[in-house]
Student: 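One structure is given below, represented as C-alpha cells, and several questions about it will come after.
Both ligands and their constituent atoms are indexed starting at 1 by order of listing. All values derive from a computational prediction rather than experimental measurement.
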Amino acid sequence: MAIIEFPKDMKWGAATASYQIEGAAFEDGREASIWDTFCRIPGKVRDGDNGDIACDSYHRYEEDIKIMKELGIDTYRFSVAWPRIFPKGRGQVNQAGVDFYHRFVDALLENGIEPMCTLYHWDLPQALQDEGGWGNRSTIDAFVEYSEFMFKEFSGKIKNWITLNEPWCVSFLSNFIGEHAPGFKDLQLATDVSHHLLVAHGRSVKAFRALGVDGQIGYAPNVTWKEPFSDKQEDIDACKREVAWFVEWFMDPVFKGSYPQFMVDWFADKGVKMNIQDGDLEDISQPIDFMGINYYTGNVARYKEDNGLFSSEDLDMNYDRTDIGWPIYPEGFYKVLCYITELYGEVPIYITENGSCYNDEPVDGRVKDDRRISYLKLHLAALKRSMDSGVNIKGYLTWSLLDNFEWAFGYSMRFGIVHVNYRTLERTPKDSYYWYKQTLANGFYEL
Ligand code: GCO
C-alpha cells in the first residue's frame, strides 16, 4: 500500500463543455453550431442523438453548482457556446447568451468556485462553417473578435482562460479521420485547420495581453503515449511520429515558433503543403501562462509499412479497457508529462481532462463505479510520480462532472462522476464522486 499525497496548493476541479451539457440548443437566440448540423446527418452520431437537451444544464446550473460545492472542488472548467454569444459567428452580439454566462459565472463565484473558461470546445457557429469554417483564414479573425469580446465582458470575473480545447480533434479527427463535425476526410484541409487554429490561439493570447486582462491564459491540447514494442529503430520512429502528431505538432509552434521538421517532411511525402503566411509563427509563439493537458489513454505500438498515416500499428497487449474500448495506460500519463517537460521546460500544467468511461447505472439509488475509482487512483499516482520527477503540475480537473453527450457516441458512453438519467434529468453522485470528495478533503489517498 502507498499513500499518494499532493501539495496543499494544488488546484482540484472537474470539467465539462457547453455542447455536451447545456441543451437549450435553440433558446434565447442561440443559433446552430456545426454539432447541431452534424447530429442531424444520419449515421454520424450513435442512435441519432443530439445536444438539444443534453443534461439541460442551461436551466439546471444552480443544481449543478450545488453538486460542485458539495464535492469541494475549487475550480470548474466549462466552455462557452460561441453561437450563444455571436449566433452568426461574428458581428451582432446576442445579449441573452451573454447574460446567461454572467448568471452562471456569478453563481460559481458566490459559491467560492473559480471559473476556468474554455472559449472553443468545438461548437463552431454553423454560419462560419458555411464559409469554410476553420479551413478559411477568416475564421481566425472571427475567433479573435469573439475572444476579445469575452475578455472584456468577463474581465475581473473569469481569471483562467483556455483558448482552444484539443486542437488535434478539431483538425485531424474532424477533417481527416472524419469522426467529428464537420466530418471531412481531407489531410490537406486538416493540416490547414491545425495551423489556423494555432494562429487563432496566438492572436487571441495577443489580444488578451493588449487588453491587460487580469488572469492567466493557455490552451488545452490532448495527448497520448505510444510505447515502442521493441528497441528496433523503426518501432521507435513509428511511435515518435504518433506521439508528435499530438505533442510536437501542436506545441513546437507555440513554444519554439516552428513546426517539427520530421513531421513536415512526413506530411510533404503524403502531398501536404504547409500554408503558412508571414507573421503566423510569431503570432502562434506568444508566451502563455500555463498549458492544459488532456490525457485518457495510450498504447504499445510498432512499425508496420503502409499502415495508416504514420506506418504504425497499435498492439493489443491485453490491458484492461474502459467501456469505450480505450486501454488503461497510466504509465503513458507519466511518460508523456515527463516528455513534454523535457521538450519545453517546466511549463505550468493543469490537467484539464482525465477520466474514464464506465456505464454503470444506479441500483437502489447508488452507482457503484469501482472501476472509475481504480482508474482515478492509477492516474493520480502516475501524476504524482511526474510531479516528483519535476513536472510542474498546478492542478487536476477530472473529466467529467456529469455524464454527458459523448460526441459521435451520443449518450451511450458515460464519463461522469455524477450519473445523469437522460429521461428525468435526475443527477445521482456516483461512488467515484464520494471518493474524489474525500481525496480532495484529505489531500491524499491510499493506493
Ligand atoms: C475532449 C473532450 C471531451 C470528451 C472526453 C471523452 O476534450 O475530448 O473534450 O469533450 O468528452 O475527452 O472522450
Student: What protein heavy atom is closest to atom 2 (C) of ligand 1, reported as residue, atom name and distance in Å?
Tutor: E353 OE1, 3.4 Å
Student: Assess whether a salt bridge exists between R366 and D431, defined as any Lys/Arg side-chain N lying under 4.0 Å from an Asp/Glu carboxylate O.
Tutor: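 Yes.
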Student: Are the aromatic ring centres of Y396 and F6 under 6.0 angstrom apart?
Tutor: no
Student: Rounded to the nearest 0.5 Å, what separation is found between the CZ atom of F38 and the CH2 atom of W35?
Tutor: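 Between F38 CZ and W35 CH2, I get 5.0 Å after rounding to 0.5 Å.
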Student: Tell me the closest heavy-atom pair linking P327 and N299, and the distance in Å.
Tutor: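 P327 and N299 have their closest heavy atoms at CG-ND2, 3.6 Å.
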Student: Starting from atom 3 (C) of ligand 1, which protein heavy atom do you reach first, and at what distance in Å?
Tutor: W399 CZ2, 3.4 Å
Student: May I ask you to identify, for W326, whether its side chain, its backbone, both or neither come under 4.0 Å of ligand 1 on a heavy-atom basis?
Tutor: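 It is the side chain that touches ligand 1; the backbone stays farther off.
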Student: Can you check which of Q20, H121, E166, R77 brings a heavy atom nearest to atom 9 (O) of ligand 1?
Tutor: H121
Student: Does M413 come within less than 4.0 Å of ligand 1, judged by its heavy atoms?
Tutor: no
Student: Centroid-to-centroid, W122 to Y19, below 6.0 Å?
Tutor: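 No, the ring of W122 stays outside the 6.0 Å limit from the ring of Y19, centre to centre.
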Student: Check D289 with K159, please: is the shortest side-chain N to carboxylate O separation under 4.0 Å?
Tutor: no
Student: Quick check on contacts: which atoms of ligand 1 are under 4.0 angstrom from a heavy atom of F415?
Tutor: 6 (C), 13 (O)
Student: I need the nearest protein heavy-atom contact for atom 6 (C) of ligand 1: residue, atom name and distance, please.
Tutor: E406 OE2, 3.3 Å
Student: Non-hydrogen atoms of N165 versus ligand 1: any pair closer than 4.0 Å?
Tutor: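 In this structure, N165 qualifies as a contact of ligand 1 - some heavy atom is under 4.0 Å.
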Student: For Y296, counting its heavy atoms only, list the atoms of ligand 1 lying under 4.0 Å from any of them.
Tutor: 5 (C), 6 (C), 12 (O)
Student: Identify whether the distance between the nearest side-chain nitrogen and carboxylate oxygen of R371 and D323 falls below 4.0 Å.
Tutor: yes
